[in-house]
Amino acid sequence: MGKNRVEAFSDGVIAILITIMVLELKIPHGETLDALKPLIPVFLSYVLSFVYLGIYWNNHHHMLHTCEKVTGAMLWANLHLLFWLSLIPFVTGWMGENHFGPMPSAIYGVVLLMSALAYWILERLIIASQGPQSLLKRAVGKDWKGKLSPVLYAIAIPAAFWLEWLSISLYVFVAIMWLVPDKRIERVLERRE
């Protein structure tokens, strides 16, 4: 089975998630900058989640370029990833509306952790389906970012109840870590051509 439908469906779902998040930003009543102050936490949580969805979209796109075929297991793993990503608008809104309170921030971390694990499962299935010399396997190598991210989420989740700033800082740190352009897959694809 070709990968085009999986890629198109995933692109559409992620685009809808971003749209849902931006529609949750309520227009303030008032024409002064003071009217925007209550929206700062909501806006900051939106920016963080927008970055995360952008990272997933970008990496998912690159990952699928290493595939030549898609299996049924990969389809289900992709839906599993999209399920967790689909919860991001909800936890983003909850966290922002409650000014990064402990429980919403912890649940935000749970969704990030589960998204990371779902992505890892999809990555492993793609590698397994493509064989021991798969392009993706060569590209990800030891995948230190992929292994470090869930560990940092697991630290951030309980930290939300004692050190809220640390929890949010870890979420931001992981996003920044993934924002740094990662050329691993591009390099492997260029060598193949």
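Basis for what follows: all heavy atoms, side chains included, without hydrogens, waters or symmetry-related copies.
- A side-chain N or O of S49 and one of Y108 form a donor-acceptor pair less than 3.5 Å apart.
- The neighbour count for L23 CG, taken as heavy atoms of other residues, nucleotides or ligands under 6.0 Å away, is above 12.
- With no hydrogens or angles considered, a side-chain donor-acceptor pair links H60 and N78 at under 3.5 Å.
- The environment of CZ in F161 is crowded: more than 12 heavy-atom neighbours from other residues, nucleotides or ligands sit within 6.0 Å.
- Atoms CZ and OH, from R124 and Y119 in turn, are 10.5 Å apart once rounded to the nearest 0.5 Å.
- Using a distance-only test at 3.5 Å, with no hydrogens or angles considered, no donor-acceptor pair links the side chain of K3 to the main chain of V70.
- Nearest heavy atom pair, residue H29 against residue A35, reads O-CB, 3.9 Å.
- Between atom CG of residue L112 and atom CD1 of residue I157 there is a gap of 8.0 Å, rounded to the nearest 0.5 Å.
- For the atom pair CE (M21) and OH (Y46), the distance works out to 5.5 Å, reported to the nearest 0.5 Å.
- Remark: the W84 side chain and the H80 side chain contain an N/O donor-acceptor pair separated by less than 3.5 Å.
- Note: Y153 and Y171 have tilted aromatic rings, judged against thresholds of 30 and 60 degrees for the angle between ring planes.
- Remark: side-chain polar atoms of N59 are paired, donor with acceptor, to backbone N or O of I55 under 3.5 angstrom.
- Counting heavy-atom neighbours within 6.0 Å of W94 CH2, excluding the residue itself, gives a total above 12.
- E97 CD: 12 or fewer foreign heavy atoms inside a 6.0 Å radius.
- The distance from atom CG of L117 to atom CG of L81, rounded to the nearest 0.5 Å, is 11.0 Å.
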